[in-house]
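Written out below as structure tokens is the structure these notes cover.
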There are 2 protein chains.
Amino acid sequence: MRLPVQRAIEVCPVEVAVSVLGGTWKLTLVKHLLGGTRRFGELCRLVPLANTRTLTRQLRELEEDGILVRTVYPQVPPKVEYALSPLGESLAPLVDGMDAWGAAFASRLGDGGGTRRAGRT
Amino acid sequence: MRLPVQRAIEVCPVEVAVSVLGGTWKLTLVKHLLGGTRRFGELCRLVPLANTRTLTRQLRELEEDGILVRTVYPQVPPKVEYALSPLGESLAPLVDGMDAWGAAFASRLGDGGGTRRAGRT
DNA sequence: GGTAGTACGGACATTCTTGTCAGCATGAAG
DNA sequence: CTTCATGCTGACAAGAATGTCCGTACTACC
């Protein structure tokens, strides 16, 4: 288990989820994998703004945390497939919820809170 | 709107949610505020591992993104209250879901995926 | 005078993460 | 021979975020 996850377990469950899913592009990767098994090159094309070094790192962390399964085929050219584990699949409602929330947030640009004064400062 | 949020809007809705909620302790702060209005010192005590500089920064960002409302009372000693906006309240199911998921993850330590070989490497 | 309470913000140091670049391995095709 | 495809990894640079420290403001109390 990775150190940030170990540390988060001492804090609270929300921080555990954050430590597992908080890396750059991780939720986007999970979202794409919810659609089915993908190869590395496919994921790179699905997330064009990410550099491959970062994608590799994040996929390895997701694998280490048990979110996905990485299958290496003994062939040339190399063939590697990534698929969500059952634990990874359990993230579907969360990813859907964040997708919907993000879409709603983006569509209401400029609405919402701000500082309200109870009197003069 | 903060630049990371602007950038995420060009990418996809999941990345929007990540950019708004991805900062250190942000989800934990939202979780505590779901329980009702809090003052700064209360939040510091509820998140003991965080330093106050970071908490201030994150609260300001959440305010800027419309997730919370900061109410300043014109008195000495200073009195400032933080409460979720309606937009912030809309995060309740997500925070609950992550809390539940993180708790389940922590309780199944060591279970889940890994690399499965289709043959020799 | 000093200390306490409250809620910060500026400045800089430190830490961590991402980004860039170069390289590896192998068979197939030209 | 070279080029292509695939999926990386090591090393270092660059960027971003957090952490530390000091200071502000004011009243009340010792």
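A, B, ... follow the sequence lines: proteins, then strands. Residue 1 opens every chain. All values below come from the heavy atoms of this structure, side chains included, with hydrogens, waters and symmetry mates left out.
A side-chain hydrogen bond (donor to acceptor under 3.5 Å, both in side chains) check over residues 1-15 of chain A, counting only residues at least two apart or in different chains, returns the pairs Arg2(A)-Glu61(A), Arg2(A)-Asp65(A), Glu15(A)-Thr28(B).
Listed in residue order, the members of residues 14-38 of chain A having a heavy atom less than 4.0 Å from DNA chain C are Thr24(A). Near DNA chain D, meaning a heavy atom under 4.0 Å from it, residues 40-59 of chain B has Asn51(B), Arg53(B), Thr54(B), Arg57(B), Gln58(B) in order of number.
Atom NE2 of His32(A) is separated from atom SG of Cys12(B) by 6.5 Å, given to the nearest 0.5 angstrom. The structure places CG of Leu84(A) at 4.5 Å from CG of Leu33(A), a figure rounded to the nearest 0.5 Å. Between the CD atom of Glu64(B) and the CG atom of Leu59(B) there is a distance of 13.0 Å, given to the nearest 0.5 Å. Separating the CZ atom in Arg45(A) from the CZ atom in Phe40(A) is a distance of 10.5 Å, to the nearest 0.5 Å. The line from CG of Leu68(B) to CD of Gln58(B) is 11.0 Å long, rounded to the nearest 0.5 Å. Here Leu29(B) contributes atom CG and Leu34(B) contributes atom CG; the two are 11.0 Å apart, rounded to the nearest 0.5 Å.
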Next item on the list: If a protein heavy atom is under 4.0 Å from the base, mark B; if only from the sugar-phosphate, S; if neither, -; do that for nucleotides 22-30 of chain C going 5' to 3'.
Entry: ----BS---

Note to self: Quick one, Val72(A) with Arg70(A), criterion side-chain contact (heavy atoms from CB on, under 4.5 Å). Give me CA distance, side-chain angles, the key distance, then yes/no.
What the structure shows: CA-CA 7 Å; Val72(A) 181; Arg70(A) 178 173 169 272; 3.7 Å; yes

Next item on the list: Take Val80(A) and Tyr73(A), measure what side-chain contact (heavy atoms from CB on, under 4.5 Å) needs, and give me the verdict at the end.
Entry: CA-CA 6 Å; Val80(A) 177; Tyr73(A) 292 85; over 6 Å; no

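From one end of the helix from dG1(C)-dC30(D) to dG30(C)-dC1(D) to the other, with five pairs defining each end axis, the axis direction shifts by 30° (rounded to 10°).
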Review item, side-chain donor-acceptor pairs of residues 89-102 of chain A, under 3.5 Å, at least two apart:
residue	atom	partner	partner atom	Å
Ser90(A)	OG	Leu87(A)	O	2.5
Ser90(A)	OG	Trp101(B)	NE1	2.9
Trp101(A)	NE1	Ser90(B)	OG	2.9

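In this structure, Leu21(B) and Lys26(B) approach most closely via the heavy-atom pair O-CB, 3.7 Å. Of all heavy-atom pairs spanning Pro4(A) and Ser19(A), the tightest one is O-CB, 3.8 Å.
Judged as a salt bridge (charged side-chain N to carboxylate O under 4.0 Å, His left out), and not counting sequence neighbours, the contacts of Glu42(B) are Arg38(B). Take Asn51(B) and apply the side-chain contact (heavy atoms from CB on, under 4.5 Å) test, not counting sequence neighbours, and it matches Arg53(B), Thr54(B).
With rounding to whole Å, Arg60(A) atom CZ is found 16 Å from dT18(C) atom P.
Taking 4.0 Å as the cutoff to heavy atoms of chain A, we find the contact window on DNA chain D bounded by dA5(D) to dA11(D).
Considering only heavy atoms from C-beta on, Thr37(B) stays 4.5 Å or farther from Tyr82(B) through its side chain.
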